[in-house]
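Ligands are counted one by one from 1 in listed order, and the atoms in each one are counted from 1 as well.
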Amino acid sequence: MTTVVAQGTFDLLHPGHLHYLREAAEMGEELHVIVARRENVTHKDPPILPNEQRREMVAALDPVEAAVVGHDDDIFVPVERIDPDVLVLGYDQHHDRGDIADALAERGIDCVVKRASQYEPDYEGAVLSTGRIVERILDQRQ
Ligand SMILES: Cc1cc2nc3c(=O)[nH]c(=O)nc-3n(C[C@H](O)[C@H](O)[C@H](O)COP(=O)(O)O)c2cc1C
Ligand SMILES: Nc1ncnc2c1ncn2[C@@H]1O[C@H](COP(=O)(O)OP(=O)(O)OP(=O)(O)O)[C@@H](O)[C@H]1O
């Protein structure tokens, strides 16, 4: 069984998330997703929605076998538990492939690290970023 792992904040879900998870799922037979804990999202505004709600929504998506809320301080704990064959980084995820690959090897996790592509929809007006969805809400609902 080829197990794939993906990860992210997944606050307000949008087609970019679906694209990422579909592409990751295609790289193996079972896709497991690690959902970032709010307190660990420090590289941008923290998510609006609680950890468990974000996990529940991701777990319900068709390409996803299972979703877990990530560890509170060691990001590799859930990866070790899942023991994936493939780890897929999002197209703009702020992690270096080589660094992640080295960290996995140090932990004896035999796993290739790949990067997904960006979603380019064939329709106008898509809002494919949680941050930009929030901005639009603030513009239109204030
Ligand atoms: C291999 C890997 C494992 C991760 N595990 C965890 C974790 O256990 N707990 C957590 O809160 N975040 C974890 N994350 C961190 C978030 O998922 C990470 O910040 C992610 O890149 C979210 O950023 P994004 O939503 O901007 O893509 C992990 C990230 C990677 C690349
Ligand atoms: N438009 C997109 N195309 C492909 N992948 C995407 C797209 N948007 C997000 N992703 C991927 O989904 C994962 C989770 O993204 P995240 O939860 O950070 O949402 P986001 O919309 O990127 O948030 P923000 O834009 O506010 O940073 C990341 O790995 C990211 O690369």
Side-chain angles (χ1 to χ4, degrees), residues 2-28 30-142:
T2 307
T3 304
V4 184
V5 67
Q7 59 288 317
T9 307
F10 300 109
D11 194 16
L12 306 179
L13 289 177
H14 56 72
H17 294 133
L18 266 182
H19 170 90
Y20 168 45
L21 296 174
R22 284 175 176 146
E23 197 170 304
E26 286 300 307
M27 296 180 188
E30 261 192 20
L31 173 63
H32 293 250
V33 182
I34 302 168
V35 175
R37 285 183 179 272
R38 185 179 205 280
E39 62 269 20
N40 292 338
V41 181
T42 53
H43 55 292
K44 62 183 180 186
D45 289 337
I48 306 287
L49 300 173
N51 296 334
E52 181 50 33
Q53 178 169 337
R54 290 182 286 116
R55 188 213 66 76
E56 183 180 359
M57 292 303 289
V58 170
L61 298 176
D62 186 57
V64 178
E65 175 69 24
V68 292
V69 173
H71 193 267
D72 48 14
D73 66 10
D74 178 349
I75 69 168
F76 290 99
V77 165
V79 181
E80 283 164 338
R81 283 195 192 128
I82 296 163
D83 191 21
D85 303 290
V86 185
L87 186 148
V88 187
L89 294 170
Y91 85 100
D92 67 347
Q93 216 155 47
H94 66 293
H95 299 277
D96 177 81
R97 261 184 65 181
D99 293 349
I100 296 290
D102 293 346
L104 292 168
E106 275 164 32
R107 285 164 178 78
I109 302 171
D110 180 14
C111 172
V112 297
V113 181
K114 297 187 177 181
R115 193 172 285 276
S117 64
Q118 181 172 8
Y119 177 53
E120 309 280 1
D122 56 6
Y123 57 88
E124 286 299 311
V127 189
L128 302 176
S129 148
T130 298
R132 289 201 298 277
I133 292 170
V134 172
E135 284 163 14
R136 182 171 291 193
I137 292 168
L138 292 173
D139 286 348
Q140 298 184 13
R141 286 284 189 276
Q142 291 244 48

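Across Leu104, Val113, Ile75, heavy-atom proximity to atom 28 (C) of ligand 1 is greatest for Ile75. Nearest-residue assignment for atom 9 (N) of ligand 1 (options Gln93, His71, Arg81; heavy-atom criterion): His71.
The environment of Asp139 atom CG is dense: over 12 non-hydrogen atoms of other residues, nucleotides or ligands sit within 6.0 angstrom. Within 6.0 Å of CD in Glu80 there are more than 12 heavy atoms belonging to other residues, nucleotides or ligands.
Side-chain N or O atoms of Glu23 include one that pairs as donor or acceptor with a backbone N or O of Ser117 at under 3.5 Å. The closest donor-acceptor contact from the side chain of Arg107 to the backbone of Ala103 lies under 3.5 Å. When atom types are taken as modelled, the side chain of Arg132 and the backbone of Val127 share no donor-acceptor pair closer than 3.5 angstrom. Looking at Arg115, its side chain does come within 3.5 Å of a backbone N or O of Gly90 through a donor-acceptor pair. Not a single donor-acceptor pair under 3.5 Å links the side chain of Thr9 to the backbone N or O of Asp11. A donor-acceptor contact shorter than 3.5 Å is absent between the side chain of Arg54 and the backbone of Phe10. Under the 3.5 Å distance criterion, the side-chain polar atoms of Asn51 are left unmatched by any main-chain donor or acceptor of Val35.
With values rounded to the nearest 0.5 angstrom, Met27 atom CE is found 13.5 Å from Asp85 atom CG. One distance of note links CD of Glu30 with OG1 of Thr3; it measures 5.5 Å at 0.5 Å rounding. To the nearest 0.5 Å, atoms NE2 (His71) and CD1 (Ile34) are separated by 11.5 Å.
Taking 4.0 Å as the cut-off, Val77 does not count as a neighbour of ligand 1 on heavy-atom distance. The shortest heavy-atom distance from Pro78 to ligand 1 is under 4.0 Å.
Of all non-hydrogen atoms in Gln93 and Gly8, the two that sit nearest each other are NE2-CA, 3.8 Å. What you find for Leu21 and Ala6 is that their closest heavy atoms are CD2-CB, 4.0 Å.
Counting heavy atoms under 4.0 Å from ligand 1, residue His95 touches it through the side chain alone. Counting heavy atoms under 4.0 Å from ligand 1, residue Val5 does not touch it at all. Contacts of Glu39 with ligand 1, taken as heavy-atom pairs under 4.0 Å, are absent altogether. Under 4.0 Å from ligand 1, the heavy atoms of Leu89 that appear belong solely to its side chain. Heavy atoms of Asn40 found under 4.0 angstrom from ligand 1 belong exclusively to the side chain. With a 4.0 Å cut-off on non-hydrogen atoms, Ala36 touches ligand 1 through its backbone as well as its side chain.
Using a 4.0 Å cut-off to heavy atoms of Gly70, the atoms of ligand 1 that qualify are 7 (C), 8 (O), 9 (N). Distances below 4.0 Å separate heavy atoms of Gly8 from the following atoms of ligand 1: 17 (O), 22 (C), 25 (O). Within ligand 1, counting atoms from 1 as listed, the ones closer than 4.0 Å to a heavy atom of Leu87 are 1 (C). For ligand 1, the atoms closer than 4.0 angstrom to any heavy atom of Lys44 are 24 (P), 25 (O), 26 (O).
Nearest protein heavy-atom neighbour of atom 19 (O) of ligand 1: His94 CE1, 3.2 Å. The protein atom (non-hydrogen) at minimum distance from atom 25 (O) of ligand 1 is Thr9 OG1, 2.7 Å. For atom 23 (O) of ligand 1, the nearest non-hydrogen atom of the protein is His43 NE2, 3.2 Å. In terms of protein heavy atoms, atom 30 (C) of ligand 1 is closest to Gln7 CG, 3.4 Å.
Within the structure, ring-ring contact (aromatic ring centres under 6.0 Å, His included) pairs that include any residue of residues 83-133 comprise His19-Tyr119, His43-His94 (at least two apart or interchain).
Tested against Val113, the residues Asp99, Val86, Leu87 include a single side-chain contact (heavy atoms from CB on, under 4.5 Å) partner, Leu87.
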Atom pairs and distances, ligand 2 N/O vs protein N/O under 3.5 Å:
from     : atom 1 : to     : atom 2 : distance (Å)
ligand 2 : 3 (N)  : Tyr119 : N      : 2.9
ligand 2 : 5 (N)  : Gly16  : O      : 3.4
ligand 2 : 17 (O) : Thr9   : N      : 3.2
ligand 2 : 17 (O) : Phe10  : N      : 2.7
ligand 2 : 17 (O) : His17  : NE2    : 3.4
ligand 2 : 18 (O) : Lys44  : NZ     : 2.5
ligand 2 : 19 (O) : His17  : NE2    : 2.9
ligand 2 : 21 (O) : His14  : NE2    : 2.7
ligand 2 : 21 (O) : Thr130 : N      : 2.8
ligand 2 : 21 (O) : Thr130 : OG1    : 3.4
ligand 2 : 23 (O) : Lys44  : NZ     : 3.3
ligand 2 : 25 (O) : Ser129 : OG     : 2.8
ligand 2 : 26 (O) : Gly131 : N      : 2.8
ligand 2 : 27 (O) : Lys44  : NZ     : 3.0
ligand 2 : 29 (O) : Gln93  : NE2    : 2.9
ligand 2 : 31 (O) : Tyr91  : N      : 3.3
ligand 2 : 31 (O) : Asp92  : OD1    : 2.6

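Every N/O-N/O distance between Val35 and ligand 1 stays at or above 3.5 Å. In terms of N/O distances under 3.5 Å, ligand 1 is approached by Arg37.
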